[in-house]
There are 2 protein chains.
Amino acid sequence: MTCGSYLIDRLHQRGFRMTPQRMAILHTLRRAGGHLSATEVFERTRRAQPGLTEPTVYRTLEFLAENGYALAAHIGGGKLVYELTEENHHHLICKKCGKTISVEYTVLASVYEQLQLSTGYKLDSSHVTLFGLCPDCQT
Amino acid sequence: MTCGSYLIDRLHQRGFRMTPQRMAILHTLRRAGGHLSATEVFERTRRAQPGLTEPTVYRTLEFLAENGYALAAHIGGGKLVYELTEENHHHLICKKCGKTISVEYTVLASVYEQLQLSTGYKLDSSHVTLFGLCPDCQT
DNA sequence: TTCCTTATTGCAAGTAGTTGCAATAAGTAT
DNA sequence: ATACTTATTGCAACTACTTGCAATAAGGAA
Ligand SMILES: [Mn+2]
Ligand SMILES: [Mn+2]
Ligand SMILES: [Zn+2]
Ligand SMILES: [Zn+2]
């Protein structure tokens, strides 16, 4: 039916509920395919859900990310974006022009394992964002 | 004299100016020793500089970080903090309890070099923040 | 269907951070 | 000292994000 239906059982098993708002926000994320800010999600989802409010969007996105239904990424300048969980990947972002490239999930795996051993911290090893300067901006 | 005096020549060489506001903000950062948010910097610096405004604080901190006079770090939840450049280090932050530990600068050097070779990006290799769960929060 | 519990939402008000622009004042030259 | 250039600031208005709380409604039980 709608594009969030597949989640209903998983939500219920954990005591959560499916709502029209969550359904619509999931639909927006699915349709976008890539990274969206909370404001973008709000503006796009509102078209199908006129009553939708900003706090609901912020809380829903946080909820989805915390429970593994979506990925969050800090992309610099304090900006936070979300996307639906697809295959695992990381990002390199150019601080100057904003150009973003994806990095294989496996590239960071060994380093993170080493750090986990030496510190005891269990590190996020998915959807990590690294910053730098792209080839064009290194003048 | 005041704790930002040592910067005056370096600023002038680049066409920048030293101001009472910058001096006072540098003094606040120096005295704190560790990470401070923009709001914390504003509230502390205002005590010595009553006319100081928020935009000036935000712009000054951004200026200091962009020009290598201070370090910025995203510490999760969209929070951004600043500190004066001392010895190089990274941070591991627990997403649950917020506990932060420092990591040797050298730990990440080799990985970042490899990534630079494979992507062409020149990556930030100082004051990197990684997220995860500390030993206590891994239940 | 109807009732019940409580997760979730909307509202209203608040805090945090940003931006355009005119006024100020740091530094330099005369 | 004085005048000049323009980097920097303060102001005001704006956008982004958060929070407490009462009202709503999802899901389960009777
Ligand atoms: Mn991504
Ligand atoms: Mn630090
Ligand atoms: Zn670039
Ligand atoms: Zn912890």
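Predicted, not measured: the structure shown is a model, and the values here were computed from it. Just so it is clear: chains get the letters A, B, ... in the order the sequence lines come, proteins before strands, and each one is counted from 1.
- The separation between B/I25 atom CD1 and D/dT8 atom P is 12 Å, rounded to whole Å.
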**Report entry** Worked check of side chain to side chain contact (heavy atoms under 4.5 Å, CB included) between B/H74 and A/T129
**Finding:** CA-CA 11 Å; B/H74 293 278; A/T129 307; over 6 Å; no

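- With distances taken from any side-chain atom of A/H12 to the nucleotides C/dG20, D/dG28, D/dC17, the minimum falls on D/dG28.
- Residue A/Y58 has no polar side-chain atom (N or O) positioned under 4.0 Å from OP1 or OP2 of D/dT18.
- When the P atom of C/dA16 is taken as reference, atom NZ of A/K79 falls 17 Å away, rounded to whole Å.
- Atom-to-atom, CD of A/E40 to P of D/dC17 comes out at 10 Å; the value is rounded to the nearest Å.
- For B/R17 against D/dT6, a side-chain-to-base donor-acceptor contact under 3.5 Å is present.
- Two residues are said to be in side-chain contact when any heavy atoms from C-beta on lie closer than 4.5 Å; A/L64 and A/Y82 fail this criterion.
- In this structure, A/T56 does not reach the C/dT9 phosphate: none of its side-chain N or O atoms is under 4.0 Å from OP1 or OP2.
- Across the interface with DNA chain C, nearest-nucleotide mapping of A/G15 and B/E62 shows A/G15 to be the residue nearer the 5′ end.
- Whole-Å rounding puts the B/M18 CE to C/dA25 P distance at 17 Å.
- Distance A/E54 CD to C/dA13 P: 16 Å, rounded to the nearest Å.
- To the nearest angstrom, C1' of C/dG17 lies 12 Å from CZ of B/F42.
- A/F16 comes within contact range of the sugar-phosphate backbone alone, with a heavy-atom separation under 4.0 Å but no base atom that close.
- Rounded to whole Å, atom P of D/dT24 lies 17 Å from atom CD of A/Q49.
- Checking the phosphate oxygens (OP1, OP2) of D/dG10, a side-chain nitrogen or oxygen of B/Q21 falls inside 4.0 Å.
- Hydrophobic cluster membership is shared by B/Y121 and A/V128, with clusters built from Ile, Leu, Val, Met, Phe, Trp and Tyr side chains linked at under 4.5 angstrom.
- Nearest heavy atoms, B/M23 versus B/I8: CE-CD1, 4.3 Å.
- Taking side-chain N and O atoms only, A/T19 has no distance below 4.0 Å to OP1 or OP2 of D/dA25.
- The 5' end of DNA chain D is approached more closely, in terms of each residue's nearest nucleotide, by A/E43 than by the other of A/E43 and A/I8.
- A/H89 and A/H127 are linked by a side-chain donor-acceptor pair at a separation below 3.5 angstrom, with hydrogens and angles left out of the test.
- Put simply, the side chain of B/R59 and the base of D/dG10 share a donor and an acceptor less than 3.5 Å apart.
- Among the atoms of the strands shown, none is found under 4.0 Å from any heavy atom of B/G78.
- Nearest nucleotide to the B/P55 side chain, out of D/dA12, C/dA12, D/dT9: D/dA12.
- Straight-line distance from the CG atom of B/N67 to the C1' atom of D/dA7: 13 Å, rounded to whole Å.
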